[in-house]
Amino acid sequence: MRNLKYPLVTYSVVVTCVVVYLLQLISHNKIDYSLFFIPERIIDNFEVWRLFTPAIMHFGVMHILFNVMIFNFFGSMIERDYGPSKLLLMFFGFSAVSDFFQYLFTQNYLFGGLSGVVSGVVGYSMIISVIPGVDSRFKMAVGLCLINIVFNIYEYFAQSHVAFAAHATGLIAGIAWGVFEYNLIMHRMGRKFSAKDIVNGIINTLRNR
């Protein structure tokens, strides 16, 4: 456990999102094309930043407000307890995965938002919350994760304009990371991995709310 005083990675991501949003407004979205996930530009021109920059773009006040609030809450806990390098790796990993699959699912690069990364840190936090001795505030991710799942199902069948694939793949990636880490921690504690323990821990959290 690191218990850093200031979660600099968390704050940096939040500030970057706000600055980019303001630049989008000032430029009347003229900078958007430079940030979208466009495979041809990534491959042909080696514009690798496009793997991640859709995550820092937003298209409305409520869009950015909701995303940065949740990311700030869970991101700061992850960074304080497990270190800035882990959260930084999560940001790049979850953004690249969610952006790639969103494009693959829609064949359209007109999307953006931190939602894929947010879904990832929420999914990770839900799994981590069942580990003995972790910050009890991680348990708040359980309810948010279930809401995320229901929302994703609705998005899929309603064929809404919301980035369904980015949300879903970010969440899956976060849960997978959490399960992997849960297994490592249990191994260090001399206990065997048990998916049943994870499920029971999540159910108990819901019952005690």
Side-chain angles (χ1 to χ4, degrees), residues 7-68 70-72 74-75 78-79 82-124 148 151-152 155-156 159-181:
L8 296 181
V9 171
T10 304
Y11 292 165
S12 297
V13 171
V14 170
V15 169
T16 300
C17 287
V18 172
V19 170
V20 169
Y21 179 64
L22 292 176
L23 289 174
Q24 288 178 266
L25 294 178
I26 294 170
S27 68
H28 301 287
N29 297 107
K30 291 180 180 178
I31 71 165
D32 291 11
Y33 185 78
S34 300
L35 304 177
F36 281 134
F37 184 98
I38 304 176
E40 294 80 7
R41 305 289 295 183
I42 297 171
I43 296 170
D44 297 339
N45 296 353
F46 202 60
E47 297 177 2
V48 292
W49 66 84
R50 294 179 182 272
L51 290 167
F52 320 107
T53 48
I56 58 175
M57 301 170 64
H58 291 86
F59 306 102
V61 174
M62 294 307 297
H63 187 206
I64 187 172
L65 186 62
F66 180 78
N67 279 337
V68 298
I70 297 180
F71 180 80
N72 181 68
F74 289 103
I78 292 170
E79 185 173 359
Y82 300 103
S85 58
K86 175 173 288 186
L87 183 63
L88 192 62
L89 187 59
M90 283 183 172
F91 171 78
F92 286 116
F94 294 152
S95 58
V97 167
S98 59
D99 292 342
F100 173 77
F101 280 99
Q102 179 62 29
Y103 179 83
L104 194 66
F105 185 75
T106 63
Q107 295 297 301
N108 189 332
Y109 62 75
L110 299 175
F111 63 86
L114 197 62
S115 303
V117 177
V118 168
S119 296
V121 297
V122 168
Y124 170 83
N148 193 308
F151 186 55
N152 280 329
E155 287 172 7
Y156 178 78
Q159 297 182 337
S160 70
H161 67 282
V162 178
F164 156 76
H167 290 185
T169 53
L171 184 64
I172 292 169
I175 290 174
W177 189 322
V179 170
F180 175 75
E181 197 157 299

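Residue numbers run from 1 in the order of the sequence given.
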Going by heavy atoms in the side chains, are L8 and P84 under 4.5 Å from each other?
no
The criterion is side-chain contact (heavy atoms from CB on, under 4.5 Å); which residues satisfy it with V19, sequence neighbours excluded?
V15, L23
Tell me every residue that passes side chain to side chain donor-acceptor pair (under 3.5 Å) with N72, counting only those two or more places apart in sequence or in another chain.
none
What's the spacing between I175 CD1 and S119 OG if we round to 0.5 Å?
9.5 Å
Identify, with sequence neighbours excluded, every residue that meets side chain to side chain donor-acceptor pair (under 3.5 Å) alongside S98.
none
Test: salt bridge (charged side-chain N to carboxylate O under 4.0 Å, His left out). Region: residues 19-32. Which pairs qualify, not counting sequence neighbours?
none
Test side chain to side chain donor-acceptor pair (under 3.5 Å) applied to T10 - qualifying residues, sequence neighbours left out:
E79
Distance-minimising heavy-atom pair for V61 and I64
O-CG2, 3.2 Å
Can you sort out the partners of T106 under side-chain contact (heavy atoms from CB on, under 4.5 Å), two or more places apart, ordered by chain and number?
Q102, N108
Quick one: pull up CZ in F105 and CZ in F111 and give me the separation to the nearest 0.5 Å.
12.5 Å
Applying salt bridge (charged side-chain N to carboxylate O under 4.0 Å, His left out) as the test, list every pair that has at least one member in residues 33-50; sequence neighbours left out.
R41-E47, E47-R50
Would you say H58's side chain and L114's backbone share a donor-acceptor pair under 3.5 angstrom?
yes
Considering non-hydrogen atoms only, spot the tightest contact between C17 and V68 and give its length.
CB-CG1, 4.1 Å
Report the residues that fulfil ring-ring contact (aromatic ring centres under 6.0 Å, His included) with F92, sequence neighbours left out, ordered by chain and then residue number.
F52
Side chain to side chain donor-acceptor pair (under 3.5 Å) partners of H63, counting only residues at least two apart
none
Shortest non-hydrogen contact from V117 toward A55:
CG2-CB, 4.2 Å
Can you tell me how far the CG atom of N67 sits from the OH atom of Y21, to the nearest 0.5 Å?
12.0 Å
Which value, rounded to the nearest 0.5 Å, describes the distance between F91 atom CZ and F71 atom CZ?
7.0 Å
Just verifying a value: how many Å separate L35 CG and I56 CD1, rounded to the nearest 0.5 Å?
6.0 Å
Point-to-point distance, once rounded to the nearest 0.5 Å, from CD1 of I31 to OG1 of T53:
9.5 Å
Hits for side-chain contact (heavy atoms from CB on, under 4.5 Å) against L89, two or more places apart or cross-chain, chain-then-number order -> W177
Enumerate the residue pairs fulfilling ring-ring contact (aromatic ring centres under 6.0 Å, His included) with a member in residues 29-50, sequence neighbours excluded, ordered by first and then second residue.
F36-Y109, F37-Y103
Could you go through I70 and V122, starting from their C-alpha distance and side-chain angles, then the distance that decides it, and tell me whether this counts as side chain to side chain contact (heavy atoms under 4.5 Å, CB included)?
CA-CA 8 Å; I70 297 180; V122 168; 4.0 Å; yes
Testing the basics here: between T16 and S12, what is the closest heavy-atom pair and its distance to 0.1 Å?
OG1-O, 2.6 Å
Sort and list the pairs that fulfil salt bridge (charged side-chain N to carboxylate O under 4.0 Å, His left out) and have at least one residue in residues 82-102, not counting sequence neighbours.
K86-E181
